[in-house]
Every structure is written in structure tokens, then in C-alpha cells.
Amino acid sequence: MRLEKCWFCSSTVYPGHGIQFVRNDAKIFRFCRSKCHKNFKMKRNPRKVKWTKAYRRLRGKDMTQDATFEFERKRNRPERYDRNVTEQTLKAIPLITKIRHERQKKHITERQKGGKSMVRKSDAKELDQFIDMVPKQETENYVAKQKVLVSQLKTEENLMEE
């Protein structure tokens, strides 16, 4: 049983499913569903359509470089059947999927770390811009804290110069 990849969204196309389009130059395009086929006919770029794997990889949302992807790569060379090799391969598949899932979780958490600091910076910038909208009593505390921080930075710079 041969599992193909959709040309547009890179999902798996199982036997008997999907659409196959053959161009005049004998290039074969396989699509998992009519949605992908229609987008291909509209000449849309998969890297610009948000729900495709190509978009997610290009924007850094999915992992691109990982050793576990090597096992999934398509090989066109037939292998002689060996019972021991097949047995070892079937035992290794759950381990490889477990490793891949752990690495994907780590990738997601690493990707989300930068977002928190960006949100804090944007919140601070917004507060600085619209400080006059905050009640006066709260703004006095905020301005006092800023003055203390600035004075601490200046004293540290003076110490470093000496």
C-alpha cells in the first residue's frame, strides 16, 4: 500500500482517495481533497495559504529540521524482505513517534516564550502613550517607580565608569 502526499497541503493521500491531475508534460499532481485541487487550479501558492504545511514551516510554526523526519522520507529503492529488520523497524516506530511528539512540544514552548515578552513590551508602550487616561493617583506611583529605575541605572553607569 503506497501512501502519497498531497501536492498542495502535504497531508497523506490514502489509496482510492483524492484526485490525481496529470499535466501535459506528464507531471502528476495528487490532491487529498477538492479544496486542495480547487486552490491549485486557482494558481494559489501553498506557502501563502495559512492552513497548509508549507505556510506553517515557512513561518516557523512547525519543525523543519529534525532527524525523525528522515524515517518518513520516501525511498524508491526496493528492499529485500528480512524478518529481523522488519521486526526491529516495527519496534522502533513507537519510539520514534514518541521522540517526535516530545520535540514538537519543546518546539512549541520555545516558540511561545518570545510572545510573552513582546506582549509585556507592547503593554508598557501602550501605558506610556495613554498615561493621561489612568486615574491620577495610580499615575503618580507609576511615574515615581520610573524615576527610581532611571536613577538606579544612572548610578550603576557612574560606578562602571569609575
Side-chain angles (χ1 to χ4, degrees), residues 1-79 85-86 88-134 138-139 142-143 145-146 149-150 152-153 156-157:
M1 181 168 78
R2 178 171 232 149
L3 303 178
E4 303 289 342
K5 292 284 182 189
C6 176
W7 185 88
F8 196 79
C9 70
S10 303
S11 65
T12 308
V13 181
Y14 291 94
H17 292 261
I19 301 163
Q20 189 172 359
F21 172 72
V22 183
R23 206 165 49 188
N24 287 339
D25 62 349
K27 171 100 171 87
I28 299 171
F29 298 94
R30 289 182 177 83
F31 304 103
C32 59
R33 54 186 177 244
S34 61
K35 179 181 180 180
C36 297
H37 187 225
K38 287 174 185 174
N39 278 293
F40 175 79
K41 287 193 291 187
M42 286 190 277
K43 297 185 178 181
R44 287 198 176 142
N45 188 347
R47 289 172 291 186
K48 293 182 180 179
V49 180
K50 291 189 176 185
W51 50 269
T52 61
K53 283 270 195 190
Y55 176 89
R56 294 185 62 77
R57 285 187 178 141
L58 186 68
R59 300 297 188 279
K61 295 178 182 296
D62 278 349
M63 289 193 308
T64 54
Q65 302 291 324
D66 194 27
T68 57
F69 294 134
E70 185 65 30
F71 297 110
E72 199 175 302
R73 198 182 85 228
K74 182 178 170 184
R75 294 170 186 85
N76 287 324
R77 193 169 3 122
E79 292 288 329
V85 172
T86 307
Q88 290 173 352
T89 305
L90 292 174
K91 285 182 182 178
I93 288 173
L95 289 170
I96 292 167
T97 54
K98 183 181 176 185
I99 291 168
R100 181 181 294 147
H101 289 303
E102 289 172 1
R103 289 181 181 173
Q104 284 176 342
K105 284 180 186 176
K106 185 179 176 186
H107 174 76
I108 290 168
T109 54
E110 290 292 321
R111 205 180 87 230
Q112 290 175 341
K113 281 183 182 176
K116 291 178 183 176
S117 63
M118 289 177 62
V119 168
R120 286 189 188 125
K121 286 179 184 176
S122 66
D123 289 345
K125 185 177 180 182
E126 187 176 344
L127 181 62
D128 288 337
Q129 286 177 345
F130 303 109
I131 194 77
D132 56 322
M133 296 179 82
V134 181
E138 293 178 18
T139 56
Y142 179 72
V143 172
K145 285 180 184 177
Q146 278 189 332
L149 289 173
V150 169
Q152 286 177 353
L153 287 173
E156 289 176 4
E157 289 176 0

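Note that CG of Asp128 is 10.5 Å distant from CD of Glu126, once rounded to the nearest 0.5 Å. The NZ atom of Lys38 sits 11.5 Å away from atom CZ of Arg33, with the distance rounded to the nearest 0.5 Å. Rounded to the nearest 0.5 Å, atoms CD1 (Ile108) and CD (Gln104) are 6.5 Å apart. A distance of 14.0 Å separates SG of Cys6 from NE2 of His17, quoted to the nearest 0.5 Å. Rounded to the nearest 0.5 Å, atoms CG (Asn39) and CG (Asn45) are 11.0 Å apart. The distance from atom OG1 of Thr12 to atom NZ of Lys5, rounded to the nearest 0.5 Å, is 4.0 Å.
Val49 and Thr52 make their closest contact through O-OG1, 2.9 Å (heavy atoms, listed as atom of the first residue, atom of the second, distance). Closest approach of Arg30 to Ile28, counting heavy atoms only: NH1-CG2, 3.6 Å. Between Tyr55 and Lys50, the shortest heavy-atom distance links the atoms CD2-O, 3.4 Å. When all heavy atoms are compared, the tightest approach of Cys9 to Cys36 is SG-SG, 3.6 Å.
A salt bridge does not link Asp25 with Lys27: none of the charged nitrogens is closer than 4.0 Å to a carboxylate oxygen. Comment: Glu110 engages Lys113 in a salt bridge, judged by a side-chain N to carboxylate O separation of less than 4.0 angstrom.
The number of heavy atoms from other shown groups lying within 6.0 Å of CZ (Arg59) is above 12. Shown here is Met118, whose CE atom has no more than 12 heavy atoms of other residues, nucleotides or ligands within 6.0 Å. More than 12 heavy-atom neighbours from other residues, nucleotides or ligands sit within 6.0 angstrom of CZ on Arg111.
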Take Tyr14 and Leu3, measure what side-chain contact (heavy atoms from CB on, under 4.5 Å) needs, and give me the verdict at the end.
CA-CA 5 Å; Tyr14 291 94; Leu3 303 178; 3.2 Å; yes
For Phe21 and Lys41: C-alpha separation, side-chain torsions, deciding distance, then whether side-chain contact (heavy atoms from CB on, under 4.5 Å) applies.
CA-CA 10 Å; Phe21 172 72; Lys41 287 193 291 187; over 6 Å; no
In sequence, state the C-alpha distance, the side-chain angles, and the governing distance for Ile93 and Leu90, and then conclude on side-chain contact (heavy atoms from CB on, under 4.5 Å).
CA-CA 5 Å; Ile93 288 173; Leu90 292 174; 4.1 Å; yes
Set out, in order, the CA-CA distance, both residues' side-chain angles and the distance that settles side-chain contact (heavy atoms from CB on, under 4.5 Å) for Arg44 and Phe8, then state yes or no.
CA-CA 9 Å; Arg44 287 198 176 142; Phe8 196 79; 4.3 Å; yes
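Taking the six-membered ring where the residue is Trp, His37 and Phe31 present tilted rings, their angle falling between 30° and 60°. Relative ring orientation between Phe40 and Trp7 is described as perpendicular, the plane-to-plane angle rising above 60° on a 0-90° scale split at 30° and 60°.
The backbone N or O of Lys53 sits nowhere less than 3.5 Å from a side-chain atom of Ser10 that would complete a donor-acceptor pair.
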